[in-house]
Every structure is written in C-alpha cells, then in structure tokens.
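Here it is, the structure, as structure tokens.
Below, chains carry the letters A, B, ... as their sequence lines are ordered, and counting in each starts from 1. Only this structure's heavy atoms are used, side chains among them; waters, hydrogens and symmetry mates stay out.
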2 protein chains.
Amino acid sequence: MAGTQDKKRANLRDVAKAAEVSVATVSRVLNAPDAVSPKTRERVEAAIRTLRFVPSAAARAINSGRTRFVGALVPTLDNAIFARFLAALEKTLGAHQLSLVVATTETAPGVEATKAKGLIDIGAEGLIVTGVSHSAEFYALIERTMLPTISTSYYDAGNQMPTIGYDNAAAAQIALTHLAELGHRRITVIHGNARSNDRTQARLSGLRALDLGLELSCFETEISLRGGSAVVEDIYADSPRPDAILCLSDVVALGVLFGLQGRGIAVPDDVSLMGIDDLPSSAVAVPALTTVHLPVTRMGERAAEALARWVAHQEVPGSERLPASLVKRDSTAKRVAR
Amino acid sequence: MAGTQDKKRANLRDVAKAAEVSVATVSRVLNAPDAVSPKTRERVEAAIRTLRFVPSAAARAINSGRTRFVGALVPTLDNAIFARFLAALEKTLGAHQLSLVVATTETAPGVEATKAKGLIDIGAEGLIVTGVSHSAEFYALIERTMLPTISTSYYDAGNQMPTIGYDNAAAAQIALTHLAELGHRRITVIHGNARSNDRTQARLSGLRALDLGLELSCFETEISLRGGSAVVEDIYADSPRPDAILCLSDVVALGVLFGLQGRGIAVPDDVSLMGIDDLPSSAVAVPALTTVHLPVTRMGERAAEALARWVAHQEVPGSERLPASLVKRDSTAKRVAR
DNA sequence: CAGGTTGATGTAACTAGTTACATGTGTCAA
DNA sequence: TTGACACATGTAACTAGTTACATCAACCTG
C-alpha cells in the first residue's frame, strides 16, 4: 500500500551499494543510460526497483538550480475567464517542461504578496500575475528576489514589469461605440468593484474618456452570474429605463440576461445587452451575446512562452498588446422608437 | 531590473562571509531569529539585503524532505465543476502550508500517467486525481513511488487508493427517480463519452440498474454548453419526443436549455429538463435548473485535509462518501397529458 | 572564587544528488 | 609490442542549506 514506508526512502548511495557500483554510475543510469554498459545498467535498474528508489527532486534542483515550475496568481477560479487563461498557461508551459502552481488572491489586497511569498518559498522560478496594481510589499518582494514576473490581462508598455494583455480602456470603448452606433443613448454600465481591480478601473475610464453624447449610469455588482441576475432589479427600480446595458464582463452579462428573462424583458427588443470577455457561454446563450472578444487563450500562450524563455534563457520579454475585437451577435439591435 | 543578475545568486556562505559570522548563525537568523543577539542579527540582515540573498527552496527541501506542494490532476479547467473543486482544494491546502500544482489530463488516457510523472519529478508530495479508472502505467507509478494519492469525484470503498467523493450511480438514480415521480415515462439521457470517463459510466449503470418501467434513450455529446446546445437537434430529429431530458452534467443541461429556447420549446411546459452537478449557473438560469447537488467544494476541502494529513503525518485516510441530494427548482414539472 | 548555568556562536557533518577528473581495461594500428 | 584511443567506471568535490555538538564568555550562586 502506498504511503507505508519500510524505513525511509532509499537514496543514490543505497542503490550504488546494492548494485555494487559507484554513485556516479547510478546517476548515469538515470541521466545518460547509454554511457553505461548494458549489464551494469541492468544491475542498477534491478537495485532501483527492489529498493523502490525515486530520485529526490530537491537534490536534483539544488544542482541544476531549476525547480521546473512557475506560479500563477489569479483573482479567482470561479470566473471562466481565468480558468480558460490558466488552461492555456498550463498547456503551453507543459511544452517547455514547466509545471504550474496556481494560487488565488480572492481580490483581497494583502493576500497577493503573501501568496507570492509562498510561491517563492517553495521555489517557483517565475510568476504570472493579473493586472498591474499590486501592493508595495508585492513590488518589494519581486524587486528583492528579482523573480521573473509577467503581468497579464492589462497591456501597459510603461509598466515596470512586462505586461502581456489587452487594452482594457479600448475594449470598453469598442463596446460602447457599438451601442452608440446602434442608436442607443441611455446606457447602463454594470461593473464589479473598481477599487480592487485595475482592469475594471481602466475599462471605466475608457468609457468616461469617450465623448459620444451618451447618458451613462453605473451600477456595481459582484462579478458572477448571481451578481448579474440580482442587479437587474436595481436597474429597473431606477427610471428612466436604459436603451442598452453594457456589462464589463460576460459572466455578469449572462446573469443580467437571466435576470431580464425572469422579468419578461426581451433582449434585444426591449433592451440591448452586451458584455466583454467572450466566454463560450456567450456564443450559446439565447439570444447569443454580443461581446468584445478578449484573447485569453492567446494571452495564456504568449505569457507562458515569454516566461519560459525568461526563466530558461534570461531573455526578458517586452510588453505585448493583444487585440480585442467586437463580436456582434444577437443581443444587441438598432434602437427603435418606443 | 528583475532578472538581470550581477553574477550569480548569493548563498548562505556568501552571507556568512559578508557578515563575518558562521553559516549556522545565518541559518539561525532565517529560522530562529530569537536565538541570535540583536546586533549580530542586524549585521546578518544587512548582508542579506545587500547581497540580495534569497534562500534556495531546493536546499531547504533536501534537508526537510518536504517540498510543500502537491499536485492535482483534473480532466479540464473548462468545466466549472473542476474549477470549483480546485478552488476549494487550493484554499484548504493553503491552510496547511501546501501549494497546489494543477495539471489537466484532457481526458486522453495516456497523458495522465505522463503528467503524474512530471508532478513527481518536480517533487510533489502527494496527488489528487479524478475518478478511479486509470492506466496501468499510472497505477504502476503510484505503486512504485508510494506517493500519497487520493481519488476524488467517485466514492468506492473497495478501491486500492482512498476515494473521497459521491456515489455517482446513486446521484443519477436520484435524478431519474425524481423525473419518474413527476410522471415522466419517455426520458432522454444526455451524457459525455463514457469510455474515458468512469463517473459517466457509473451514472449510466446506475440508471440502467433502476427498473421504473421507463423508456430511456441515450445521446452522447461533448460535455460543454456547445455540446448540450447542439444535441437538441438530434433529440428532436428522433421521434417520439421525450417527456423529460436528463443531462448527466449541468453544463450540458444549460446548453440543452439554450438549445431548447432557440427552438422555442418551453421548459418545463413542453419538456422537463434536469442536470447533475448543481453549478452556480443552474440556480440563476431561467427557468432555474432542477439538479442533483454534488458537494464539490466540500469534496475539495475533505480531500485537501486528508492529503495534508497524509503527507505530514503519514495518516493514510479512509474513503469518504459525500451525500448527493436533489435540488428541485423550476425546470421540471408534473407531466400533463399532451 | 570555584562551579554551574545560560546564551551566543562556530565547526563540521549531515541531507541527496551531479559532475570534473582520474583510472583502468580493451581494441586496434604501426 | 607498444602507443593511441575509446569506453566504462570510480573518486571526490562540488551544489546550498540544516543541525548536533563543541566552545567560550558572562553571570549567578554558594
């Protein structure tokens, strides 16, 4: 049965003794089997099997200086956008023989530095973080350890660490412009907490910077289906009613869609609805959600590539801006006089 | 700037030399600061700062024998059910000072053993896997390395490794019984690929084992919103039409709901619809989906607890069965003669 | 003032691998 | 027969920490 050791784990020396060879030979059997004669190799392999020898990752790491894993800090796993990003990260890192340690920050400001410290303590060779605003402790930690760290989900060429992401302000503007072009004037914007979230902040200031003569009103809610569904009541408690609802993330938009359906409000006939993110659910919803596609899979791949090269060859990557684009589907329509 | 080393990383000896103390003293400053006199400590801390010394995780691990992380192998991150499970795992492991390395198996049979090997190679102290059917290579690997490993999502007391999960057959039966009690006779079952998925297999055999005089027909589709949405066409190409549709997972059920909405088929008036999982989206959908609650958050917590105790105190856990329960919502209703 | 205790620090031997270099053997050509 | 070379293997010194034990000074007690 697993977990029940006879004594303690066998090491290289034990194997060498059992096979009556030197430690170097055992090491060679492990790393360069061709350099060992077949009969010696067989003898060593037999000893490895009988002693249930498993090489120590720590001992290997101490010599190579490489632990072969990096860490990712994301706000949550409950939003599919991060799950998709991590899936792409994990896959691409795997191609570079790197594993991924996942840590969630739960949007609480203090925990990011703590979790980052934890990742460094266990030997992460690099870090992927979300956004560009972090605590002073976090920056001090990265500065002190000089750990390769890439910011994602936020493109900002002037940032002190490389950023691989999209222009959040521009993404929000794409959405708002689309709604304006459809003739909508009174637009309700639904967003998550902006204080703890620089992406939300950037999107909101993108909207404010755009002068299209629109009448914007903002509502804050939890970034979740439930949050989107619940905020509908607030929107319609308010008057006048909006021509269109713009959610700064797709989960919320889908929640709003459900909330509207529950009240018998038709999309897009009574109100246009759109999100930002382009989750798989958005394409399948009825009506299919118009949204702004954020290339999170691409972002995961690019961030993984860049970090892999950084930790392996000390090539510090530059920032990279990934394009966001309008995905016109069925939840937005031209405004008709009502 | 991070990543640009002057020479190479300073080590304990370098710090000791710079602070004119012994290596033991530096080690004490790191691990038991109170055992060092304030003025010596300060001198050492100054040296640590100027040399930008960061202790090597590998060297620490080689002594303690602990790497402080475990691995989790899940089929995918794209299904919220696994994302939620991992979130709970990560959180609870964190309370035990353990980090989580995530690897996805993409349901391909060969990759599980390969990824498990990778996790062991980098030093994972334990493993969390999904389901109880694994390749021979995988079992051989676990057997050989004696790595603490817990199976989840599938309760089976007779399994060779501890299982922490629910009774999949019983969960499916809860769903089918509910539909039967509502008077539905012709029931369409939607499931994912059963060959590569023992949970699906168990659920299907649970359904077959239940003799309620029902007329079951099965459709296989991809486990995703898209898969659920797409299969609706197949269901209604077939005649006769079903009284109820039972999806063996909630993502698929939500997809089917969208598919039905797209065809103008009313739930639950024209057809009852239910799923298994109880995702957050199911409670918010319109109509809210009747489903069978699977306690994945609880499962993550229990699995993390058990694995943490196993790796820290060699306490091999027993299997644990978590209860699945019916969540009656609005997508199922009594059958009326049509 | 001897003897015991406490506190701070150092020495060196551990942990478990990798690897540069040395050594020994066998084959082949001159 | 000897030198050259390849191939297999061993020795010991690395990697970077932790820690048992030794040492030494300062203080307190009888």
Atom-pair distance (CD1 on B/Ile62; C1' on C/dG17), nearest Å = 6 Å
query = Can B/Arg84 and A/Leu77 be said to form a side chain to side chain contact (heavy atoms under 4.5 Å, CB included), step by step?
reply = CA-CA 7 Å; B/Arg84 290 169 67 73; A/Leu77 282 169; over 6 Å; no
query = Roughly how many Å is it from CD1 in A/Ile48 to P in C/dA16, rounded to a whole number?
reply = 16 Å
message = In whole Å, I'd like the distance from the CZ atom of B/Arg60 to the C1' atom of C/dA16.
response = 17 Å
request  = Can you establish whether the number of heavy atoms outside B/Glu315 located under 6.0 Å from its atom CD is more than 12?
outcome  = yes
task = Answer yes or no: does a side-chain N or O of A/Asn63 lie under 4.0 Å from OP1 or OP2 of D/dT15?
result = no
message = Can a side-chain donor-acceptor contact be found between B/Thr163 and B/Ser319 if the only test is distance below 3.5 angstrom?
response = yes
query = Salt bridge or not for B/Arg52 and A/Glu143, using N-O below 4.0 Å?
reply = yes
key: Side-chain ion pair, A/Glu125 and A/Arg68, N-O less than 4.0 Å   = no
note = Atom CG of A/Asn11 and atom P of C/dT15 are separated, to the nearest Å, by 7 Å
DNA chain D-proximal residues of residues 12-43 of chain B, any heavy atom under 4.0 Å = B/Leu12, B/Arg13, B/Ala24, B/Ser27, B/Asn31
task = Go through the side-chain N and O atoms of A/Glu90 and B/Thr104 and say whether any donor and acceptor fall under 3.5 Å apart.
result = yes
